[in-house]
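A short write-up of the structure that comes next.
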Amino acid sequence: MAKQGIESGKGGPFGAIIVKNGAIIGEGCNMVTSQNDPTAHAEIVAIRNACKALNSFQLSGCTIYASCEPCPMCLGAIYWARPAQLIYACTKEDAKAIGFDDQFIYEELKLPMGKRSIKTLQKGRDIALEVFKLWEQKEDKTEY
């Protein structure tokens, strides 16, 4: 998938597949530049495709194979999808060596909100909490 993505001009050198019971149920390559979507990483694309194929928002019993150690965004998505296993090939150090360095994100996450490079403010909590209360009281919600 990674090679196919490069050759087709879809994006960077990353690919992922998702397997359940020995069958590929989702695949994806990096499509950030071709889709103008900073979230279109290979793992995210594969997760979206696999969840659509399973008609589920979780990947229970699945294995995700990634061409590289996932970035923080992809790792978060993988945890939310709850697969049984993640297997990756190249390391984040390998990715850094070719110009894909996520270390700044790891460093930012360690900082208090007020010290991060993107200005972050909290406002409107009272209004937002009203919606949280609606969710909490909703009897027919789908838990996740």
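Computed from a predicted model, the values in this text were never measured in an experiment.
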Is there side-chain contact between [X] and [Y], with at least one heavy-atom pair below 4.5 Å?
X      : Y      : result
Arg48  : Ile44  : yes
Cys62  : Ile25  : yes
Met73  : Thr39  : yes
Ile98  : Pro13  : yes
Arg82  : Leu59  : no
Leu121 : Lys119 : yes
His41  : Cys74  : yes

Worksheet item: With sequence neighbours left out, what residues match Lys115 under salt bridge (Lys or Arg N to Asp or Glu O under 4.0 Å)?
Response: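 Result, salt bridge (Lys or Arg N to Asp or Glu O under 4.0 Å) vs Lys115: none returned.
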For residues [X] and [Y], report the shortest heavy-atom separation together with the two atoms involved.
X     : Y      : value
Cys68 : Thr91  : SG-O, 3.6 Å
Gly15 : Ala2   : N-CB, 3.5 Å
Ala66 : Glu43  : CB-OE2, 3.8 Å
Ser34 : Gly9   : CB-O, 4.0 Å
Gly12 : Phe100 : CA-CZ, 4.5 Å
Cys71 : Asp102 : CB-OD2, 3.1 Å

Residue [X] excluded, over 12 heavy atoms near [atom1] under 6.0 Å:
X      : atom1 : value
Tyr79  : OH    : no
Leu134 : CG    : yes
Gln122 : CD    : no

Worksheet item: Less than 6.0 Å separating the ring centroids of Tyr88 and Tyr65?
Response: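 No, the ring centres sit 6.0 Å or more apart.
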At what distance, to the nearest 0.5 angstrom, does [atom1] of [X] lie from [atom2] of [Y]?
X      : Y      : atom1 : atom2 : value
Lys20  : Ile64  : NZ    : CD1   : 12.0 Å
Arg116 : Leu109 : CZ    : CG    : 5.5 Å
Cys29  : Met1   : SG    : CE    : 5.0 Å
Asn49  : Glu27  : CG    : CD    : 7.5 Å
Phe104 : Ser117 : CZ    : OG    : 7.5 Å

Worksheet item: Do Ile87 and Ile78 share a hydrophobic cluster (ILVMFWY, side-chain heavy atoms under 4.5 Å, transitive)?
Response: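 No; tracing contacts between hydrophobic side chains, which count when under 4.5 Å, never links both residues.
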Item to complete: Would you verify whether the NZ or CZ of Lys92 falls within 45 degrees of the ring axis of Tyr106 while also being under 6.0 Å from that six-membered ring's centre?
Response: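 Yes, cation above the ring, under 6.0 Å and within 45°.
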Item to complete: Please identify each residue that fulfils side-chain contact (heavy atoms from CB on, under 4.5 Å) with Lys141, with sequence neighbours left out.
Response: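 Checked Lys141 against side-chain contact (heavy atoms from CB on, under 4.5 Å); matches are Trp135, Lys138, Glu143.
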Worksheet item: Can you name the residues that form a side-chain contact (heavy atoms from CB on, under 4.5 Å) with Ser60, not counting sequence neighbours?
Response: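 Result, side-chain contact (heavy atoms from CB on, under 4.5 Å) vs Ser60: Gln58.
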Discussion item. Show, in sequence, the C-alpha distance, side-chain angles and deciding distance for Asn30 and Val45, and conclude whether the side-chain contact (heavy atoms from CB on, under 4.5 Å) test is met.
Written reply: CA-CA 8 Å; Asn30 181 287; Val45 173; over 6 Å; no
Worksheet entry | Set of residues satisfying side-chain hydrogen bond (donor to acceptor under 3.5 Å, both in side chains) with respect to Gln85, sequence neighbours excluded |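 With neighbours one apart ignored, the set is Thr63.
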Fill in: Listed partners of Thr120 passing side-chain hydrogen bond (donor to acceptor under 3.5 Å, both in side chains), at least two apart
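Here no residue qualifies.
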Worksheet entry | Worked verdict on Ile47 versus Ile18 for side-chain contact (heavy atoms from CB on, under 4.5 Å) | CA-CA 7 Å; Ile47 288 169; Ile18 300 175; 3.9 Å; yes
Fill in: Sequence neighbours excluded, every pair satisfying salt bridge (charged side-chain N to carboxylate O under 4.0 Å, His left out) that has a member inside residues 105-114
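For residues 105-114, and leaving out neighbouring residues, the salt bridge (charged side-chain N to carboxylate O under 4.0 Å, His left out) pairs sorted by first residue read Glu107-Lys110.
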